[in-house]
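Treat the numbers as computed from the prediction; the structure is a model and nothing was measured. Just so it is clear: chains get the letters A, B, ... in the order the sequence lines come, proteins before strands, and each one is counted from 1. Side chains are part of it too, since the values below use all heavy atoms of this structure and drop only hydrogens, waters and symmetry mates.
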Amino acid sequence: MKPDINIALLNAAQEIINRFSPLIDDEYEKSRLSSWGALILISAMKFNDSGSSLKQENADILDWLVKFTNLDEDDISKCGYKATSDIQDVSLIDADNQTLRGLLDKEIVVLEGNGDTEGLKASYLLMRSMHQRRKVSDLIGLLQESES
Amino acid sequence: MPEELSSLFLSYYSKLIGKECILLSFERIFGGASRETYKIEVSHDENKIERLILRVTQDSSLIETDQKTEYLAYSAYQDSSVPVPVLLDMSEDNDILGAPFMLMEELQGAAASPFTPDVYSPYEVELGEQFWSILGEIAKKEIHEDIFKSFHGELKEPCWKNELDKWAKVIREDTISVEPILEAGIRSLYKNPPKEPERITMVHGDYRSGNFLYLDNQITGILDWEMAHLGNPLEDLAWALSPIWSWQAKERPAYLIEKEKAIEIWQNSSNINLDRKDLAWWELFAAIKGMAIWISAGNEFKSGKNIDPINLFSAWIPGDIHLEVILDILEDSL
């Protein structure tokens with residue numbers, strides 16, 4: 001079995017940070033290269049689950065729309081949602097994701113207009129879980145390590 | 001580019017001061033996303049080294065601002081209680097160095113990363129008292145009439161709408177994804193506007209940790225005025241207080257002193273009575289404005305216009321944090 005892409009990225013980042021960056025005298029170029037090293041490190045950590053995370057996000061938004069709005073799956077399909085399940089094709093899942101996010105935004109506007117506090121709370125919970133799954137800011141420590 | 005720039009600079013500077021100069025060093029500083037900043041050492045006398053800072057407008061920058069804006073803002077605070085570098089020259093002419101630029105004397109001190117906890121240790125208290133007091137001084141300062149008029153041309157009241165419209169437009173133009181959290185935040189701001197300030201003041205526009213120089217326990221300079229404008233002083237206060245600048249110790253904004261103490265110092269220094277509800281509006285606004293900046297950075301990177309890693313970093317890390325800040329505020333408001 002071939003080495004995984006994330007392992008290749010991880011090793012590349014480590015080489016950049018620990019081996020090549022210290023060889024550079026120019027402070028600007030050195031800082032710039034170290035930043036690339038840290039960003040590649042973050043990419044490596046998130047690479048493997050990017051497709052499955054997006055697919056899970058789509059499933060969660062779809063569930064929420066069906067539960068908290070007047071839309072059913074047919075209505076959502078008519079808006080362009082294709083229910084892509086092949087996680088190898090991230091661009092198709094992402095296209096579905098943008099459709100679902102657009103619908104979510106529109107439905108939150110309706111909840112705000114109706115003063116539906118419970119619905120809004122549920123939408124914030126959904127958005128919190130979406131953000132938690134997607135965010136890379138919890139890896140900020142990696143950047144700090146590369147600076148030092 | 002730096003080699004070509006350095007020889008252009010040497011020729012320009014020799015002409016400016018009317019003496020032949022020797023260039024001792026010419027180094028770009030990493031970090032800033034709106035200007036290319038260079039640290040320069042020149043000599044025209046064997047016994048004297050001049051240390052200068054050159055700020056050059058980038059072809060593709062994170063925040064599109066005129067060089068003149070920054071120059072005028074620095075001008076407004078020369079010889080005041082707000083420490084700023086001494087200005088030497090400014091030009092909006094592309095023919096001299098290839099792009100508009102500003103030249104200043106270098107101040108002593110270092111700038112820290114705004115994302116590194118405990119970076120000001122063991123001087124958090126002394127630096128914190130100065131940081132919040134200087135911000136009050138910025139708001140309190142009477143701006144010279146000529147400078148005020150130069151800025152006032154851009155001011156359409158109310159201040160809050162002027163700023164919110166501006167940054168919402170950046171988001172609309174540069175966004176590459178639908179972001180429901182951000183949209184909900186923008187709607188909330190338009191629905192619940194704050195009061196206008198009693199007095200329109202100069203707003204630094206990016207007053208935060210990382211944008212000041214310090215030497216041990218002393219703040220030696222307030223930098224990066226390129227987003228300066230006239231407006232509501234609470235805008236600066238809320239931006240500086242934003243949890244993004246102390247994400248790993250939120251109780252101490254800017255990784256300095258506790259929030260309530262910071263606000264008390266700012267009130268005493270600015271002589272402004274704080275309206276907490278208005279401050280809350282500006283705190284949400286700060287996160288929206290931040291998102292506009294980070295989205296703009298992501299767009300620059302994705303489109304290939306500027307692949308500086310700082311643009312990718314901005315879209316990833318600060319973009320994530322400010323989105324979380326918006327969500328926290330929206331949840332608390334329910």
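With salt bridges taken as basic N to acidic carboxylate O contacts below 4.0 Å, none links A/K121 and B/E331.
Contact detail for A/I42 and B/W316: the closest heavy-atom pair is CG2-CZ3, 3.8 Å. Between B/L330 and A/Y124, the shortest heavy-atom contact is O-CE1, 3.6 Å. Contact detail for A/I108 and B/P180: the closest heavy-atom pair is CD1-CB, 4.3 Å.
Other residues, nucleotides and ligands contribute more than 12 heavy atoms inside 6.0 Å of the CG atom of B/L8. Annotation: B/K191, atom NZ; neighbour count of heavy atoms from other residues, nucleotides and ligands within 6.0 Å is above 12. The number of heavy-atom neighbours closer than 6.0 Å to CG of A/D72, taken from other residues, nucleotides and ligands shown, is above 12. Atom NZ of A/K106 is surrounded by 12 or fewer heavy atoms from other residues, nucleotides or ligands within 6.0 Å. Counted within 6.0 Å of NZ on A/K46, heavy atoms from surrounding residues, nucleotides or ligands total more than 12; the atom is thus considered enclosed. More than 12 heavy atoms of other residues, nucleotides or ligands shown are found within 6.0 angstrom of CG on A/N114. Few gaps surround CG on B/L24; more than 12 heavy atoms of other groups in view lie less than 6.0 Å from it. Counting heavy atoms of neighbouring residues, nucleotides and ligands inside a 6.0 Å radius, atom CD of B/Q108 does not exceed 12 of them.
Comparing A/N97, A/T117, A/D26, A/V109 by how many heavy-atom pairs each has under 4.5 Å with chain B, the most go to A/V109. Interface remark: of the candidates A/K135, A/E112, A/Q132, A/R128, A/R128 forms the most heavy-atom pairs closer than 4.5 Å to chain B.
Taken from CZ in A/R32 to CG in B/D308, the straight-line distance is 4.5 Å, to the nearest 0.5 Å. Rounding to the nearest 0.5 Å gives a distance of 8.0 Å between CG of B/L334 and OG of A/S123. Between atom CZ of residue A/R134 and atom CG of residue B/D320 there is a gap of 9.5 Å, rounded to the nearest 0.5 Å. Atom CZ of A/R101 and atom CD of B/E183 lie 11.0 Å apart (nearest 0.5 Å).
No side-chain heavy atom of B/V178 sits under 4.5 Å from any side-chain heavy atom of A/L104. Two residues are said to be in side-chain contact when any heavy atoms from C-beta on lie closer than 4.5 Å; A/S34 and B/F30 fail this criterion.
With hydrogens and angles left out, the side-chain atoms of A/Q98 and B/S177 include a donor and acceptor closer than 3.5 Å.
Without hydrogens or angle criteria, B/R28 side chain to A/Y28 main chain gives no donor-acceptor distance under 3.5 Å. No donor-acceptor pair closer than 3.5 Å links the side chain of A/H131 to the backbone N or O of B/L323.
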